[in-house]
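Worksheet: the structure to be examined is printed underneath.
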Amino acid sequence: MIRSRICEMLGIKYPVFQGGMAWVADASLAAAVSNAGGLGLVSSINAGTEAVRNEIRKCRELTDKPFGVNIMLQAPNAGEIAQMVVEEGVKILTTGAGSPSQYMAMWKEAGIKVIPVVASVALALKMQAAGADAVVAEGAESGGHVGELHTMPLIPQVVDALDIPVVAAGGICDGRGVAAAFMLGADAVQVGTRFLSAEECTVHQEYKDKILKATDISTIVTGKSLGHPVRSLKTPFSKNFARMESDPSVNKEDILALGTGALRKAVKEGDRNGTYMAGECAGMVKKIEPAKDIVEDLILGAEKIITGFSARM
Ligand SMILES: Cc1cc2nc3c(=O)[nH]c(=O)nc-3n(C[C@H](O)[C@H](O)[C@H](O)COP(=O)(O)O)c2cc1C
């Protein structure tokens, strides 16, 4: 069975993280992934700090396995959430959108494993120096906020630079992707887009339908002009967003206003003025299935490829 030092560090069976996904990753999805032997992550972006606290408590009722919380550091209530997770006895955190250095001492004292998401070697090194236990290195194939580098060149460069474990993310959707990530030196994978199709994922049915209909060229990156590039499904809304960005007569405030709350609209309402964040691998997602089947397909698929490949050599 594929295992790595990350499994020992976090007490999980399989080296598979379900990505923290704003508005998406609730107790239902996180607990299902943890129960399946992976690491479920509850997102801290939904209706406020107390709602996240409730979601953490709900997750604990649904699973006795380890799970974590993802904190987006640019959120206005990030400081409050940083404190709340300590109060709630959360033991694993992933962080996005910047450096969690200012909270590191508090979290370490509380015995929390801290795993920042990075998109470059420089930030990965900074996180290691700040005391991170591992990093998630996320390539620009991924859904949601993206950096510049892609998974294939990013992972080995981060692996070479660090001593701590590296979790590969971005474009990993089946056993082939998991096997490739391990070949690149990763200790685990983080998967977002494929879990959007999990039975336990509570996104609006319209979101799931759009993922199932996606092809290889169904995603678009918007928001570069705002300094926050985001990968989502191509829809009339996202294409209009891209057109507005390239039109110099449209001011930035109008573009920003259009994007505000758009992920929530997609996740909760299936609204056509929503942003359906998804990665390039959306075209590989073909069915709705239990999170357990997804986790097992990722791991067993990778094992089959790795053993089959060595048998051919
Ligand atoms: C709908 C959606 C929302 C996301 N929101 C967050 C987030 O709030 N915080 C974060 O660190 N990453 C977020 N991500 C990134 C995922 O955690 C994960 O790293 C990424 O989806 C992996 O790439 P993949 O989509 O190709 O599987 C999001 C991804 C998606 C698809």
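None of the values given here were measured: they were computed from a predicted structure. Order of listing sets the numbers, starting from 1, for every ligand and every atom in it.
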* Asked: With no hydrogens and no angle check, do the side chains of T49 and E80 hold a donor and an acceptor under 3.5 Å apart?
  -> yes
* Does the side chain of T63 pick up a donor-acceptor pair with the side chain of N35 at under 3.5 Å? -> yes
Which protein non-hydrogen atom lies closest to [atom], naming both residue and atom, and how far is it?
atom                    : value
atom 23 (O) of ligand 1 : S142 CB, 3.0 Å
atom 27 (O) of ligand 1 : G192 N, 2.8 Å
atom 26 (O) of ligand 1 : G171 N, 2.7 Å
atom 5 (N) of ligand 1  : A22 N, 3.1 Å
atom 25 (O) of ligand 1 : T193 OG1, 2.6 Å
atom 28 (C) of ligand 1 : M21 CG, 3.7 Å
atom 13 (C) of ligand 1 : G20 O, 2.9 Å
atom 29 (C) of ligand 1 : G143 O, 3.3 Å

* Just wondering, more than 12 heavy atoms not from K208 lying within 6.0 Å of its NZ? ->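 Yes.
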Is it the side chain (CB and beyond), the backbone, both or neither of [X] that lies under 4.0 Å from ligand 1, heavy atoms counted?
X    : answer
E138 : side chain
N70  : side chain
R194 : neither

Counting each atom of ligand 1 from 1 as listed, which ones have a heavy atom of [X] under 4.0 Å away?
X    : result
M72  : 7 (C), 8 (O), 9 (N), 10 (C), 11 (O)
V191 : 27 (O)
G19  : 17 (O)
G170 : 22 (C), 23 (O), 26 (O)

Please determine if [X] and [Y] form a salt bridge, counting it only when a charged side-chain N lies under 4.0 Å from a carboxylate O.
X    : Y    : answer
K108 : D133 : yes
E269 : R264 : yes
D26  : K58  : no
E61  : R57  : no
R53  : E87  : yes

* To do: Using the side chain to side chain donor-acceptor pair (under 3.5 Å) rule, pick out the option among T275, T193, T222, T219 that qualifies with R231.
  => T219
* Go through the steps for E50 and N54 under the test side-chain hydrogen bond (donor to acceptor under 3.5 Å, both in side chains), then give the verdict. => CA-CA 6 Å; E50 289 314 301; N54 288 339; over 6 Å; no
* To do: Would you please determine whether S43 falls within less than 4.0 Å of ligand 1 on a heavy-atom basis?
  => no
* Does Y207 reach ligand 1, in the sense of a heavy atom lying below 4.0 Å from it? ->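 Checking ligand 1 against Y207, which is what was asked, there is a heavy-atom contact under 4.0 Å.
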* Asked: Should L41 and V135 be counted in the same cluster of Ile, Leu, Val, Met, Phe, Trp and Tyr side chains packed under 4.5 Å apart?
  ->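 Shared cluster, no.
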